[in-house]
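First comes the structure, then the notes that go with it.
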Amino acid sequence: MSNYKQGLDFAKSQDQNDPISSYRNQFHIPKDKDGNDWLYFTGNSLGLQPKATKEYINQELEDWANLGVEGHFEAKNPWMPYHEFLTESMAKIVGAKPIEVVIMNTLTTNLHLLMVSFYQPTKTKYKIVIESDAFPSDRYAVQTQLEFHGFNASEGVIEWKPREGEELLNIDDLETILEEQGDEIALLLIGGVNYYTGQYLDIKKIADLGHAKDCMVGIDLAHGVGNIKPDFHNSGVDFAAWCTYKYLNAGPGSLGGLFVHEKHAHNKDLKRFAGWWSHNKSTRFNMRQPLDIIPGAEGWQLSNPPILSMAAIKASLDMFNEVGMDALRAKSEKLTGYFEFLINELNNEKIKIITPTNPKERGCQLSIQVKDADKNLHKQLTEANIITDWREPDVIRCAPVPLYNTFVDVYKMVEKLKEILNR
Ligand SMILES: Cc1ncc(COP(=O)(O)O)c(C=O)c1O
Ligand SMILES: Nc1ccccc1C(=O)C[C@H](N)C(=O)O
């Protein structure tokens, strides 16, 4: 039994007792034409802008204006090592050691670069397992990697599917796939939190199952970073990649993050695509040097990175560092639990939550399946300035984000939903 209650007063009292409620004021909340805050539930697609971001970016613009190229060394936050200012906070958020993490490129690019190293197929062991509902970009990345290595993509991709009539994945089915076809499988590339259902999979279990059959294991954490606590180092996964524009609020198209487990940090035999930023920092500018790869995740960098995007990431990570994932998760479980409670109380046959009910198997997102794929429901929510997203074929995704959403946001959202459903 939950301790949740109906009514606006309950929502208000939860907000009053929320130890991290003040963080909402550190964000720009979009408003309607009368000046009322939108009810924004799409932090799972694009997080809101922290008010501090502008200052962080302005600092770099000013240093560039005043210092030109000297900014690489003389800027307040020198550009040459700028990515290093992000590493520790980023590593903490994903449960990694600093040597295992770097911020660079974007998510799909990083998946490809990681597969260059960790997808080393042979004639007989070459298949790749993905979720049947993997995000399209991941699927395309995997298909084209197979083709790049001369394999037939449709034959080489093995889908881990929900059972007949179900929406969620069952880890026992992954175990069966590996028992039956493990000798042919080179790589598992799995979304740690599924973009469509919001299901948070047991990453350690996936790693253990994959490794037992000598497969490499990679995780796409786009929907998990800043949302759940993945404990990457202890999970033993070989690699992971994520973006920073969703729960990390670093702005549209901002740089991604990459994890390579410490066990691979010093393996100079791993194949990779390299650039000058992969090379030993102390001799990088000596030029005409043979390639000397930096140990750890930094050795996967290619280019000198865009500082303006990194500044926005720094603004966000400084906030995450202050609030901490434990406090965020504690609020998130309550807030999403409350959301689930209110929706279930509606008891309306037109909608069904497909996200797991166990808080250990989800982050903040709830995916609401709409009967007959009636998109009109999503349209009417949007017209009421309640921002959710529609994902084909029949789901409205809603993510109450603990950094800036309130219990009252959730209450108002469900009141409106009730009104629309009863029209
Ligand atoms: C699971 C997942 N994979 C890949 C992507 C694509 O990311 P990017 O456009 O940064 O490569 C996204 C989101 O856009 C995503 O949610
Ligand atoms: N970057 C975007 C640009 C335009 C539209 C959507 C996105 C998304 O991030 C989609 C997100 N990955 C999703 O899970 O749907």
Side-chain angles (χ1 to χ4, degrees), residues 30 40-49 90 94 102-116 128-145 157 159-160 169 187-201 203 206 217-228 230 232 237 239-259 300 302 305-306 309-310 312-313 316 354-355 362-369 375 378 382 387-401:
Y40 193 84
F41 291 103
T42 25
N44 57 343
S45 184
L46 184 71
L48 291 178
Q49 184 186 138
M90 191 67 259
V94 296
V102 71
I103 299 282
M104 62 179 227
N105 304 321
T106 46
L107 173 51
T108 311
T109 313
N110 287 337
L111 288 176
H112 275 299
L113 290 174
L114 287 161
M115 281 191 275
V116 166
I128 306 179
V129 180
I130 60 172
E131 324 104 275
S132 57
D133 240 335
F135 194 79
S137 202
D138 300 30
R139 178 182 290 271
Y140 305 149
V142 156
Q143 287 170 340
T144 50
Q145 283 285 334
V157 173
E159 290 187 0
W160 175 16
L169 295 170
L187 171 69
L188 317 185
L189 182 66
I190 307 291
V193 175
N194 184 269
Y195 85 99
Y196 186 74
T197 63
Q199 180 177 18
Y200 171 25
L201 294 161
I203 292 172
I206 293 171
V217 179
I219 297 291
D220 179 330
L221 201 68
H223 290 265
V225 66
N227 179 26
I228 47 90
F232 271 149
V237 291
F239 69 89
W242 55 91
C243 59
T244 60
Y245 46 74
K246 301 179 188 294
Y247 299 103
L248 292 185
N249 311 313
S254 56
L255 293 166
L258 167 149
F259 166 91
W300 270 265
L302 273 68
S309 177
M310 288 211 167
I313 296 174
S316 163
I354 60 169
T355 308
R362 69 183 182 201
C364 68
Q365 172 184 325
L366 291 185
S367 301
I368 303 173
Q369 193 174 47
K375 267 191 191 171
H378 172 250
T382 310
I387 313 303
T388 60
D389 62 24
W390 177 267
R391 283 290 175 265
E392 297 294 343
D394 60 0
V395 153
I396 293 176
R397 300 187 308 177
C398 313
V401 170

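Atoms within each ligand, like the ligands themselves, are counted from 1 in listed order.
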Give yes or no for whether the N/O distance cutoff of 3.5 Å, strictly under, is met between [X] and ligand 1.
X	answer
Tyr245	yes
Tyr195	no
Thr109	no
Thr106	no

Could you check [atom] against the protein and tell me its nearest heavy-atom contact, residue, atom and distance included?
atom	value
atom 4 (C) of ligand 1	Asp138 OD1, 3.2 Å
atom 16 (O) of ligand 1	His223 NE2, 2.8 Å
atom 12 (C) of ligand 1	Phe135 CE2, 3.4 Å
atom 11 (O) of ligand 1	Thr108 OG1, 2.5 Å
atom 11 (C) of ligand 2	Lys246 NZ, 2.7 Å

Quiz item: Taking the non-hydrogen atoms of Phe135, is any one of them nearer than 4.0 angstrom to ligand 2?
Solution: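 Distance cut 4.0 Å: Phe135 passes for ligand 2.
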Quiz item: Does Ser45 come within less than 4.0 angstrom of ligand 2, counting non-hydrogen atoms of the residue?
Solution: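 In this structure, Ser45 qualifies as a contact of ligand 2 - some heavy atom is under 4.0 Å.
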Practice problem: Indicate yes or no: does Arg139 engage Glu131 in a salt bridge with an N to O separation below 4.0 Å. | Solution: no
Quiz item: Relative to the heavy atoms of Tyr245, which atoms of ligand 2 are at a distance of less than 4.0 Å?
Solution: 1 (N), 9 (O)
Practice problem: Under 4.0 Å from a heavy atom of Arg397: give me the atoms of ligand 2 that qualify, with their elements. | Solution: 13 (C), 14 (O), 15 (O)
Quiz item: Nearest heavy atom to atom 14 (O) of ligand 2: which of Gln365, Arg391, His223 does it belong to?
Solution: His223
Quiz prompt | Ser367 and Gln369 side chains, donor-acceptor separation under 3.5 Å | solution =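 No, no side-chain donor-acceptor contact under 3.5 Å.
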Quiz prompt | Check: Thr109/Thr106 side-chain N/O donor and acceptor closer than 3.5 Å | solution =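 Yes, Thr106 and Thr109 have a side-chain donor paired with an acceptor closer than 3.5 Å.
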Are the side chains of [Y] and [X] in contact, using a 4.5 Å heavy-atom criterion?
X	Y	answer
Ile219	Phe232	yes
His112	Gln145	yes
Trp160	Leu201	yes

Just jot down the ligand 1 atoms closer than 4.0 angstrom to any heavy atom of [X], in number order.
X	result
Lys246	13 (C), 16 (O)
Asp220	1 (C), 2 (C), 3 (N), 4 (C)
Ala222	1 (C), 2 (C), 15 (C), 16 (O)

Quiz item: Only one of Leu187, Leu258, Leu113, Asn110 forms a side-chain contact (heavy atoms from CB on, under 4.5 Å) with Phe239, so which one is it?
Solution: Leu187
Any donor and acceptor pair, going by atom type alone, linking the side chain of [X] with main-chain N or O of [Y] inside 3.5 Å?
X	Y	result
Ser254	Ser309	no
Ser316	Leu248	yes
Asn194	Asp133	yes
His223	Gly192	no

Quiz item: Right, does atom 3 (C) of ligand 2 have protein non-hydrogen atoms nearer than 4.0 Å?
Solution: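 So far as the 4.0 Å threshold goes, atom 3 (C) of ligand 2 is out of reach of every protein heavy atom.
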